[in-house]
Q: 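One structure is given below, represented as structure tokens, and several questions about it will come after.
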Number of protein chains: 4
Amino acid sequence: MNDLLPSFFSSKPGSSRFVTQRREPDEVRILSGVFEDDRTAGQVTTGTPISLMIDNVDQRSKDYSEIARQFRPGHADLAYFAKYGVRDYRGSGRASARETASRVAAGAVARKVLGEGVVIRAALVQIGPHAIDRTRWDWAETENNPFWCPDAETAALWETYLDEVRKAGSSTGAIVEVEATGVPAGWGAPVYGKLDAELANALMSINAAKGVEIGAGFAAAALSGEDNADEMRQGPDGPGFLSNSAGGVLGGISTGQPVVARVAFKPTSSILSPRRSIDEAGAETEVRTKGRHDPCVGVRGAPVVEAMVACVLADAFLRHRAQTGGGAFGPGKTQRE
Amino acid sequence: MNDLLPSFFSSKPGSSRFVTQRREPDEVRILSGVFEDDRTAGQVTTGTPISLMIDNVDQRSKDYSEIARQFRPGHADLAYFAKYGVRDYRGSGRASARETASRVAAGAVARKVLGEGVVIRAALVQIGPHAIDRTRWDWAETENNPFWCPDAETAALWETYLDEVRKAGSSTGAIVEVEATGVPAGWGAPVYGKLDAELANALMSINAAKGVEIGAGFAAAALSGEDNADEMRQGPDGPGFLSNSAGGVLGGISTGQPVVARVAFKPTSSILSPRRSIDEAGAETEVRTKGRHDPCVGVRGAPVVEAMVACVLADAFLRHRAQTGGGAFGPGKTQRE
Amino acid sequence: MNDLLPSFFSSKPGSSRFVTQRREPDEVRILSGVFEDDRTAGQVTTGTPISLMIDNVDQRSKDYSEIARQFRPGHADLAYFAKYGVRDYRGSGRASARETASRVAAGAVARKVLGEGVVIRAALVQIGPHAIDRTRWDWAETENNPFWCPDAETAALWETYLDEVRKAGSSTGAIVEVEATGVPAGWGAPVYGKLDAELANALMSINAAKGVEIGAGFAAAALSGEDNADEMRQGPDGPGFLSNSAGGVLGGISTGQPVVARVAFKPTSSILSPRRSIDEAGAETEVRTKGRHDPCVGVRGAPVVEAMVACVLADAFLRHRAQTGGGAFGPGKTQRE
Amino acid sequence: MNDLLPSFFSSKPGSSRFVTQRREPDEVRILSGVFEDDRTAGQVTTGTPISLMIDNVDQRSKDYSEIARQFRPGHADLAYFAKYGVRDYRGSGRASARETASRVAAGAVARKVLGEGVVIRAALVQIGPHAIDRTRWDWAETENNPFWCPDAETAALWETYLDEVRKAGSSTGAIVEVEATGVPAGWGAPVYGKLDAELANALMSINAAKGVEIGAGFAAAALSGEDNADEMRQGPDGPGFLSNSAGGVLGGISTGQPVVARVAFKPTSSILSPRRSIDEAGAETEVRTKGRHDPCVGVRGAPVVEAMVACVLADAFLRHRAQTGGGAFGPGKTQRE
């Protein structure tokens with residue numbers, strides 16, 4: 001647990017000209033749940049809830065007078081106002097992408113619960129209309145460009161593309177793919193708490209997410225039964241699958257294969273181009289977002305997607321251990337302990 | 001509530017040569033939660049939990065000796081066995097598509113909670129590689145073919161296609177689209193209990209679902225910010241949106257627009273073609289599913305998708321009423337009461 | 001699990017002239033969650049939810065016309081009516097003591113989860129104003145009288161007393177004490193899910209319960225700090241406490257000592273003596289309950305109290321295993337595995 | 001909501017020589033969930049979660065070397081250690097009575113949810129063996145003494161008694177009674193979420209609580225059915241009860257009468273008198289708590305009990321509004337809106 005904070009920072013969304021430069025350092029303070037004395041080898045968890053706090057230090061005095069009464073198209077302004085009759089337009093409250101910092105922090109704790117046997121990593125596989133070439137997939141490349149892109153050639157293309165989008169005062173969407181390896185067979189549950197359903201919940205809850213798929217996902221609709229059903233052969237360490245259309249989950253329970261999911265992010269709603277809207281009084285108006293904005297909010301998405309998968313898997317692991325003692329049975333076992 | 005059962009039966013997956021003929025009539029009995037005497041106008045709910053029971057009357061004596069030890073590719077056999085060390089191979093237990101009957105029954109209750117102002121209807125928009133032509137969308141057509149297809153021409157094509165798939169002993173996937181109209185602005189919540197996240201959870205939990213998207217969904221990744229952010233103009237009854245990329249949900253809260261989602265179903269895993277697999281002892285084997293099987297399990301999906309949306313919306317309505325008293329504020333209101 | 005049903009029946013509230021003779025045999029059917037084939041040694045759980053059903057076979061045609069509109073004093077009639085505007089007066093619905101049969105059935109499953117190391121047993125320690133003499137406590141005696149009374153002399157007194165109460169058309173209350181031995185140190189949680197709070201919840205939720213106490217309970221208010229704080233000495237198998245004022249729980253977590261609780265039951269509300277009341281129209285009336293009634297509903301309470309303690313402990317055990325892997329540390333360990 | 005903080009401070013446990021003088025001012029900061037601009041009349045809630053923070057400013061450097069390894073009798077030291085293998089002995093972590101400050105803060109928010117129609121107030125009715133004389137009950141007196149005692153004569157007696165206890169280095173227990181008026185009939189639920197069960201849970205979860213009773217409570221065991229069942233007559237504003245043995249709850253649902261509960265607090269475990277114990281290594285030792293200690297922790301209990309009742313009632317109110325729309329039916333209605 002003593003590397004909790006480094007773990008958080010290493011997965012913090014990076015900085016580049018494609019993500020807005022904010023002043024906040026996203027410093028995490030641990031308010032509770034850890035302990036250290038001369039007998040512990042550094043900081044250890046006490047078993048009680050870990051409270052993490054990230055102060056929002058970017059409260060520059062800004063003129064909100066315009067958007068205070070306008071509903072920005074594509075934002076949650078109108079929805080919040082309709083629900084509560086009041087909304088915090090200063091920074092957008094919980095609808096702000098800054099909210100995802102807390103998810104990344106929680107994910108760092110969840111990874112500790114999972115241990116090093118479970119490896120979770122995400123990559124961007126599409127920005128705007130430009131998908132990667134999967135034959136060039138190289139995880140190492142995700143460290144070499146500001147996009148978590150596993151395909152160097154496409155990363156170069158994206159750089160040009162996003163510059164154009166930004167100059168045009170526009171924005172674009174993206175798709176993030178995530179993979180968790182080392183998940184043993186048996187996590188999840190048959191009806192309530194299905195592993196894929198909980199992944200869908202967690203991933204769709206990320207700001208700007210509009211779609212979630214597991215394994216073959218939407219492409220499965222066009223597959224034949226022969227191509228979709230992953231065949232099995234016996235391998236040296238238990239059953240080996242010959243494909244992974246299932247994305248590591250069948251019947252709501254992990255199969256021991258890598259858990260694979262994809263998340264679609266919509267384009268940033270804050271754009272320079274003026275858009276038609278109305279205000280709280282019902283008057284028609286035009287809205288344009290001045291100042292900083294990310295041309296593609298999905299670029300920040302990979303660490304958040306990883307974090308949410310970590311949280312779901314940690315939950316599934318703990319519940320599996322509760323019910324079964326944690327072991328796995330039979331030939332499919334990829335036991336954790 | 002006195003038309004609870006008719007409501008269930010009208011949404012029961014239909015019968016055709018594209019869905020296997022089972023003997024079970026899916027009769028629902030209400031075990032608790034309703035009451036009737038000479039002062040009530042028919043059956044009324046008591047406020048206490050409604051327990052519905054559907055007996056599985058199709059317990060024909062069948063020879064399970066083969067699959068009792070084999071792991072069928074694409075099924076949850078291995079996952080259940082790895083988790084529990086035992087599995088109920090007679091009818092597949094909770095992994096059986098029959099489990100969805102209980103979802104449809106629950107959905108009938110949820111529709112009563114929502115009232116007639118909320119209309120939920122689903123249609124198949126793709127079977128195998130064949131998507132409908134959305135310009136021909138006609139909800140009335142969904143009643144005229146065995147596929148809940150809103151496009152008569154495509155329905156004819158699907159009929160031919162599915163006959164071929166069935167004769168080949170194969171299967172195929174499908175995509176279901178669902179729309180809920182009459183949902184007022186304000187249902188859902190900002191972080192936990194986001195309406196789109198709960199829809200994703202509920203829809204991904206349906207057997208064979210592999211993907212869920214809201215509004216523009218995965219296509220949003222390729223949209224520009226201008227095209228994605230739904231503009232607003234003031235209409236006679238409050239704000240009117242000029243498009244619905246959001247699918248009726250922004251920031252986890254409904255906007256008053258129709259809630260739109262799509263679900264991808266994988267092909268039926270039970271196919272006649274032999275597939276390579278292993279058994280509980282780790283021995284390699286081949287599995288082929290004899291007897292009845294649906295060539296496209298997604299054909300049964302539309303009523304189940306509707307039911308899950310009804311359950312999620314009913315929950316969201318009740319929680320919204322808890323927190324706010326149920327009303328809506330400001331220009332966006334599409335108030336229920 | 002194959003002795004699930006015997007376990008239920010052995011803890012079923014007994015029959016004597018002090019509990020009304022009902023026709024229902026309380027037959028439990030297991031609807032789901034168990035499985036048996038030639039490879040299992042009898043019935044085993046599958047890991048999926050166990051659904052138990054007890055039909056209410058005592059639906060004799062009875063004249064409810066009087067109580068259909070009256071609010072019986074001490075019953076939940078008025079509360080249900082105020083909440084829902086309708087109530088099921090035929091057998092009182094969920095407010096009937098018959099509801100506790102489902103608790104006893106669930107408790108039988110919970111005992112299986114706990115295993116034989118945890119022994120839960122309850123006894124009546126007071127009926128009306130007559131408390132037992134604790135110096136005569138003998139668990140074996142609870143089998144020898146119809147009151148689960150551990151003190152033979154008091155049991156004889158109660159027999160006379162209850163006969164008088166019954167003849168007078170009156171009723172009386174009771175106190176049940178429950179003890180769970182074999183609970184290792186470490187179950188429970190520091191704030192949410194405290195073991196004593198969950199016991200209080202579960203026990204207070206039993207029909208007719210009006211008070212719950214743990215260990216010294218209300219008597220602790222009058223104790224000195226010296227008398228209340230249980231001292232410890234090192235024993236052969238770990239720490240030994242010299243007293244058990246804590247009732248086996250400190251800070252919401254079990255200490256390894258027996259968990260001890262007491263529950264107060266109010267007198268049966270259905271009595272022959274006429275009581276003043278009103279009806280749904282607000283008219284004043286008198287209510288008297290004809291026909292069968294238990295003079296002391298608490299006499300049926302011991303198996304229900306045991307069952308609720310079993311459910312709470314099984315939950316605590318599973319959650320403890322989720323968080324910690326199930327073991328216990330240090331000198332206080334009374335490890336289960 | 002703009003008087004949230006005054007409301008907190010007015011219910012903050014007072015200061016006297018009977019409660020230890022701590023340096024912490026228990027300053028509450030509101031981190032989220034409120035908003036204020038020129039259009040709001042002061043601070044208003046936004047509908048999103050309200051996060052309250054009370055810094056623990058009393059972190060004086062203290063020598064914990066002794067208790068770091070000892071298990072203090074009557075404390076949760078051993079239980080925490082057995083569960084987690086580590087414990088935060090500096091201030092006792094979550095087992096510290098300081099944890100109750102967060103309960104009082106949450107209760108201040110809950111009171112806002114309930115509105116002014118629901119009045120919750122608590123009083124001490126027993127300290128050590130000395131119970132109040134209920135015929136002298138005067139709520140106004142609770143403001144005139146440091147014990148929340150409604151009986152001036154007994155307050156004077158307690159003052160003398162507690163001085164003796166403190167001088168002897170000992171401690172004593174107490175009983176707190178709480179009453180909530182203005183709770184309409186209909187809050188709660190028939191089986192899960194019973195109002196009395198949730199009160200029991202919440203009250204037993206308070207540090208040092210060992211017993212909870214509703215209405216007549218344990219005394220109900222000795223009552224006759226005639227005395228226990230509260231009779232009803234029709235009054236000008238609906239049904240009037242002639243007594244309140246039920247404590248305002250029947251069948252888990254409020255009746256419209258005042259909700260009445262009592263909580264027993266054990267004596268402070270930290271006492272000067274040496275007590276036998278063991279340490280982490282299993283060695284026998286003696287423990288005495290030097291420095292400050294409250295002779296009767298129950299004296300601080302009244303505001304905490306009030307706060308927990310407020311939280312439970314606010315929950316019950318919101319859930320009742322979710323299910324029923326918030327109204328009440330029939331003659332028993334004491335409608336809130």
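Just so we're on the same page: letters track the sequence lines, and every chain starts at 1. All values reported here derive from a predicted model rather than from experimental measurement.
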Q: Tell me which of these, B/Pro274, B/Ser277, B/Gly211, B/Ala209, has more heavy-atom pairs under 4.5 Å with chain A than the rest.
A: B/Ser277
Q: Sub-3.5 Å donor-acceptor pair from the side chain of B/Arg233 to the main-chain atoms of A/Ile278, do we have one?
A: no
Q: For residues B/Thr255 and A/Ala79, report the shortest heavy-atom separation together with the two atoms involved.
A: CG2-CB, 4.5 Å
Q: What heavy-atom pair brings B/Phe218 and A/Ile175 nearest, and what distance separates the two atoms?
A: CD2-CD1, 3.8 Å
Q: Can you say whether B/Ser224 sits under 4.5 Å from chain A via the side chain, the backbone, both, or neither, judging by heavy atoms?
A: both
Q: For A/Ala246, is it the side chain, the backbone, both or neither that has a heavy atom under 4.5 Å from a heavy atom of chain B?
A: both
Q: Quick check on the interface: out of A/Arg72, A/Arg94, A/Arg275, who has the most heavy-atom pairs with chain B under 4.5 Å?
A: A/Arg275
Q: Over all heavy atoms of both residues, which pair between B/Tyr84 and A/Ile253 is shortest? Give the atoms and the distance, please.
A: CE1-CD1, 4.5 Å
Q: With only heavy atoms counted, which part of A/Arg288 is less than 4.5 Å from chain B, the side chain, the backbone, both or neither?
A: neither
Q: Answer with side chain, backbone, both or neither: which region of B/Ile271 has an atom nearer than 4.5 Å to a non-hydrogen atom of chain A?
A: side chain
Q: Out of A/Gly252, A/Ala221, A/Gly193, A/Gly128, return the one with the most heavy atom pairs under 4.5 angstrom to chain B.
A: A/Ala221
Q: For the interface with chain A, which of B/Lys194, B/Glu213, B/Glu99, B/Glu284 has the highest count of heavy-atom pairs at distances below 4.5 Å?
A: B/Glu284
Q: Among A/Ala174, A/Ala95, A/Ser269, which residue forms the greatest number of heavy-atom pairs with chain B at distances under 4.5 Å?
A: A/Ala174
Q: So which part of B/Arg87 gets closer than 4.5 Å to some heavy atom of chain A, the side chain, the backbone, both or neither?
A: neither
Q: Looking at OG of B/Ser254 and CG of A/Leu78, how far apart are the two atoms once the value is rounded to the nearest 0.5 Å?
A: 9.5 Å
Q: Under a 4.5 Å heavy-atom cut-off, does chain A meet the side chain of B/Ser270, its backbone, both or neither?
A: neither
Q: CZ of B/Arg276 to CG of A/Asp230: how many Å apart, nearest 0.5 Å?
A: 11.5 Å
Q: Can you tell which part of A/Thr268 gets under 4.5 Å to a heavy atom of chain B, answering side chain, backbone, both or neither?
A: backbone
Q: Is there a side-chain contact between A/Lys266 and B/Leu223 (heavy atoms, below 4.5 Å)?
A: no
Q: Given that the side chain runs from C-beta out, which part of B/Ser170 has a heavy atom under 4.5 Å from chain A: side chain, backbone, both or neither?
A: both
Q: So which atom in A/Ala220 and which in B/Pro267 form the shortest heavy-atom distance, rounded to 0.1 Å?
A: O-CD, 3.4 Å
Q: Tell me, out of B/Gly217, B/Ser245, B/Cys296, who's got the most heavy-atom pairs with chain A below 4.5 Å.
A: B/Gly217
Q: Please classify the contact of B/Phe265 with chain A as side chain, backbone, both or neither, using a heavy-atom distance under 4.5 Å.
A: backbone
Q: With a 4.5 Å limit on heavy-atom distance, are the side chains of A/Lys83 and B/Gln323 in contact?
A: yes
Q: Sort out for me which of A/Gly188, A/Gly298, A/Gly235, A/Ala261 touches chain B most, counting heavy-atom pairs under 4.5 Å.
A: A/Gly188
Q: Report the distance from atom CE of B/Met204 to atom CG of A/Leu203, rounding to the nearest 0.5 Å.
A: 8.5 Å
Q: Taking atom CZ as the centre, does B/Arg69 end up with more than 12 heavy-atom neighbours from other residues, nucleotides or ligands that are less than 6.0 angstrom away?
A: no
Q: Given a strict heavy-atom distance threshold of 4.5 Å, which part of B/Ile206 is in contact with chain A: side chain, backbone, both, or neither?
A: backbone
Q: Can you tell me how far the CZ atom of A/Phe71 sits from the CD atom of B/Glu231, to the nearest 0.5 Å?
A: 16.0 Å
Q: So, taking the atom named CG in B/Asp227 and the one named OG1 in A/Thr172, what distance separates them when rounded to the nearest 0.5 Å?
A: 10.0 Å
Q: Any idea which of B/Ala197, B/Gly173, B/Ala76, B/Gly74 has the most non-hydrogen atom pairs under 4.5 angstrom with chain A?
A: B/Ala197
Q: Which bit of B/Phe241 is near chain A, if near means a heavy-atom gap under 4.5 Å: side chain, backbone, both or neither?
A: side chain
Q: For chain B, find which of A/Ala208, A/Pro73, A/Gly251, A/Pro129 contributes the most heavy-atom pairs closer than 4.5 angstrom.
A: A/Pro73
Q: Who among A/Ala168, A/Gly169, A/Ser171 has the most heavy-atom pairs with chain B under 4.5 Å?
A: A/Ser171
Q: Measure distances from B/Lys210 to the heavy atoms of chain A and classify the residue's part below 4.5 Å as side chain, backbone, both or neither.
A: both
Q: If we define contacts as heavy-atom pairs under 4.5 Å, which of B/His75, B/Glu198, B/Gln126 has the most with chain A?
A: B/His75
